[in-house]
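Okay, so here's the structure we're looking at.
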Amino acid sequence: MDENIRWKGYFYHPSNKNDQLPGLLTFNQSDGIELELFGHFETVRSVSSREQTILLGFTSEGKKLTLLNCFEDSRGMSLPGFPTSSYSAIYLFVGQHFEGVDQIEFNSCAIEYQDLNYWLDISGFEVPKYNYEINELNVTYRQPDRITFMLKEDWKAEFEFVFNRPFEYWQPHSEVRIRQAPIFKLIPSSLTSFNDFHETYSSFNSFLSINYFSYPKQLSVTFYIDKEADDKHGANFIKVDLYFQRGVDFKNKRHDSRHRFLLEYKNYGEHFDQFVTRWYELEEIVEASISILTETLMNRGNPMELHFISLVQALENYHRRVIDSNKKSLNIRLDEIVSRLPSKVADVLLSSEIDFTKRVTKNRNYYTHYSEDHKKFAHSISELFVLSEKLKLILIVSLMIDLGLAAEKIELYVLTKGMYNFNHIIDAKKYTEFIRENA
């Protein structure tokens, strides 16, 4: 999905296949999906329309293209000259034509995430063995078994350990490469719409976010459509690659060490499937809170004031939906959330704080209903940053509690990663004491 696309082709609206226009389709993560046409369509809705407009095309190499959620950016005409137009799209499907939104259905989906190999920490490689007598090096790789589990009703998932290897017939070279690249696969019980796939894998992205302590980078998203049983030509499926602008800057966000993760796959033990199923149940209850948390972990560079207000809103919603739906003040809701934190997490995070929840409340009041009285309690941007970082961790720990992780496990997982992920918001002395006790 990081590749830059520049394809020449012909494009048309599904309602008028005979009105085909030549054009140039480009895609990159900076500018997204852009289509420049020689001519213009009368049938494409404006940007203000709620209709999910589709454009179809085929490239000079014969690739089938479907552009979803298109809108016209501009159109021009000059004399002498010819009409031109440009369009943007949210999604690009490569490999199949879909004439309507209701036709965009798939049997399965495969997603490659950056650094998933480190998060899983399951390797098929054995320790290399070198025979000094005959100068021979033996490297053994055995593909790990796939891990299958249920996400929610009618949705199965797998971690499949795909690997790249040298061909059996090859010329000797200076190096041989074997690369393991685990894939996350989604398999619903029947043919399912793209919207349902998108909702389901977006929820898993959010789950990985609290594990990564940042938004996970999707390297590729590929869908599969099963062919009819009597189709004897080629593979028994149609492969469709998805392209879209991620809108997140992933520069220098590698997780190539276990210390960079807040939680790892092995931390869930043999009941990983139960925790994932619980995650989907929990998101049904606190979808808004999880969406806000995921957005903050994306770190799109939003203003700190908005960052702070969003996290306060997420925690308020979380308390209302999970703990107590009765009418209560924000300060009371925050106090009750903090009281649920495992004691050692609260100690390391808040022991040096004075009136933490009151300060959060007063700053929230300043930004939501400004007055001169509230202004005197307003923090500087740097102080607001520290408050926000603590609120973010409190929300993550709250989710861990309601996922069913034991308090002592949460303390161990969170605090042992503190120096690597959030050393700027913890009490260094108490953190050191905890590490010594658990060395």
Side-chain angles (χ1 to χ4, degrees), residues 1 13-15 27 29 32-33 35 43-57 64-71 87-113 150-158 183-209 215-227 237-248 276-277 279-295 298:
M1 202 184 301
H13 192 273
S15 65
F27 168 77
Q29 282 298 331
I33 303 163
L35 176 62
T43 50
V44 178
R45 298 287 184 180
S46 69
V47 66
S48 60
S49 171
R50 299 185 67 181
E51 178 183 327
Q52 291 182 284
T53 302
I54 286 176
L55 289 178
L56 303 178
K64 295 180 179 179
L65 308 175
T66 299
L67 288 83
L68 176 63
N69 292 355
C70 304
F71 54 89
Y87 297 85
S88 296
I90 304 300
Y91 299 108
L92 167 65
F93 298 94
V94 179
Q96 185 72 343
H97 283 158
F98 302 101
E99 296 189 358
V101 175
D102 58 342
Q103 295 182 19
I104 308 179
E105 297 181 318
F106 306 101
N107 292 101
S108 61
C109 173
I111 303 173
E112 182 180 0
Y113 290 101
M150 295 299 296
L151 291 180
K152 55 182 179 178
E153 186 178 1
D154 297 327
W155 284 85
K156 182 175 71 172
E158 293 179 346
I183 300 295
F184 173 66
K185 299 182 71 175
L186 280 171
I187 309 166
S189 58
S190 60
L191 195 67
T192 301
S193 71
F194 168 66
N195 286 338
D196 285 346
F197 267 102
H198 182 269
E199 179 182 310
T200 303
Y201 73 63
S202 293
S203 181
F204 193 77
N205 290 348
S206 296
F207 173 73
L208 281 184
S209 291
Y215 195 70
K217 182 177 181 179
Q218 295 165 279
L219 300 177
S220 66
V221 180
T222 303
F223 294 98
Y224 296 92
I225 305 170
D226 295 342
K227 286 185 178 180
F237 58 82
I238 298 171
K239 178 183 174 184
V240 181
D241 292 313
L242 175 66
Y243 293 86
F244 59 91
Q245 188 178 20
R246 289 185 294 251
V248 184
V276 174
T277 300
W279 173 265
Y280 279 86
E281 294 172 349
L282 196 57
E283 190 175 49
E284 289 288 323
I285 303 170
V286 288
E287 180 182 3
S289 297
I290 290 175
S291 295
I292 292 171
L293 174 62
T294 303
E295 177 66 28
M298 285 182 176

Quiz item: Mind checking whether V276 and L151 have side chains closer than 4.5 Å, heavy atoms only?
Solution: yes
Exercise. With rounding to the nearest 0.5 Å, note down the distance linking OG1 in T277 to CD in E153.
Key: 11.5 Å
Quiz item: Can you name the nearest heavy-atom pair linking C70 to L67, along with the distance?
Solution: SG-O, 3.2 Å
Quiz item: Which distance, rounded to the nearest 0.5 Å, do you find between the CD1 of I238 and the NZ of K64?
Solution: 7.0 Å
Self-check item: Any donor-acceptor pair under 3.5 Å from R246 side chain to K217 backbone
Solution: no
Quiz prompt | H13 and L55, any side-chain heavy atoms less than 4.5 Å apart | solution = yes
Quiz item: Between K239 and T222, what is the shortest heavy-atom contact and its length?
Solution: CG-CG2, 3.5 Å
Quiz item: For the side chain of Q245 and the backbone of Q29, is there at least one donor-acceptor N/O pair under 3.5 Å apart?
Solution: yes
Quiz item: Looking only at heavy atoms, what is the nearest atom pair of I33 and Y243, with distance?
Solution: CD1-O, 3.7 Å
Practice problem: Taking S291 for its side chain and S289 for its backbone only, find out whether a donor-acceptor pair lies under 3.5 Å. | Solution: no
Quiz item: Going by heavy atoms in the side chains, are F27 and F244 under 4.5 Å from each other?
Solution: no
Quiz item: Quick one: do the N69 and Y91 side chains pair a donor with an acceptor below 3.5 Å?
Solution: no
Self-check item: Note, P216 side chain near S209 side chain (heavy atom, < 4.5 Å)
Solution: yes
Quiz item: Is there side-chain contact between C109 and V221, with heavy atoms separated by less than 4.5 Å?
Solution: yes
Quiz item: Any side-chain heavy atom of Q218 within less than 4.5 Å of one from Y113?
Solution: yes
Quiz item: Going from CD on E105 to CD1 on I225, what distance comes out if it is rounded to the nearest 0.5 angstrom?
Solution: 9.0 Å
Exercise. Would you indicate whether E281, at its atom CD, is surrounded by more than 12 heavy atoms from other residues, nucleotides or ligands within a distance under 6.0 Å?
Key: yes
Self-check item: L56 to E99 - nearest heavy-atom pair and separation
Solution: CD1-CG, 4.0 Å
Quiz prompt | Spacing of CD belonging to E112 relative to CZ belonging to F184, to within rounding of 0.5 Å | solution = 14.0 Å
Exercise. Using atom types as modelled and distance alone, determine if a side-chain donor or acceptor of S108 lies under 3.5 Å from a backbone N or O of K185.
Key: no
Self-check item: Near-ring test F194/F93, centroid separation under 6.0 angstrom
Solution: yes
Practice problem: Apply side-chain contact (heavy atoms from CB on, under 4.5 Å) to I54 and I104, showing your working. | Solution: CA-CA 11 Å; I54 286 176; I104 308 179; 4.2 Å; yes
Practice problem: Indicate yes or no for a side-chain donor-acceptor contact from W279 to the backbone of S206 under 3.5 Å, with no hydrogens or angles considered. | Solution: no
Quiz item: CZ of F204 to NZ of K152: how many Å apart, nearest 0.5 Å?
Solution: 13.0 Å
Quiz item: Is there a donor-acceptor contact under 3.5 Å from the side chain of T66 to the main chain of Q96?
Solution: yes
Exercise. Return the minimal non-hydrogen interatomic distance between T200 and D196, and the atom names on each side.
Key: OG1-O, 2.8 Å
Quiz prompt | Donor-acceptor under 3.5 Å (Y215 side chain, N205 main chain) | solution = no
Quiz item: With side chains defined as the heavy atoms from C-beta onward, is the minimum distance between V240 and V94 less than 4.5 Å?
Solution: no
Quiz item: Just how far is it from atom NE2 of H97 to atom CG of L65, taken to the nearest 0.5 Å?
Solution: 6.0 Å
Practice problem: Could you go through the ring-ring contact (aromatic ring centres under 6.0 Å, His included) check for W155 and Y201 one step at a time? | Solution: CA-CA 11 Å; W155 284 85; Y201 73 63; 9.6 Å; no
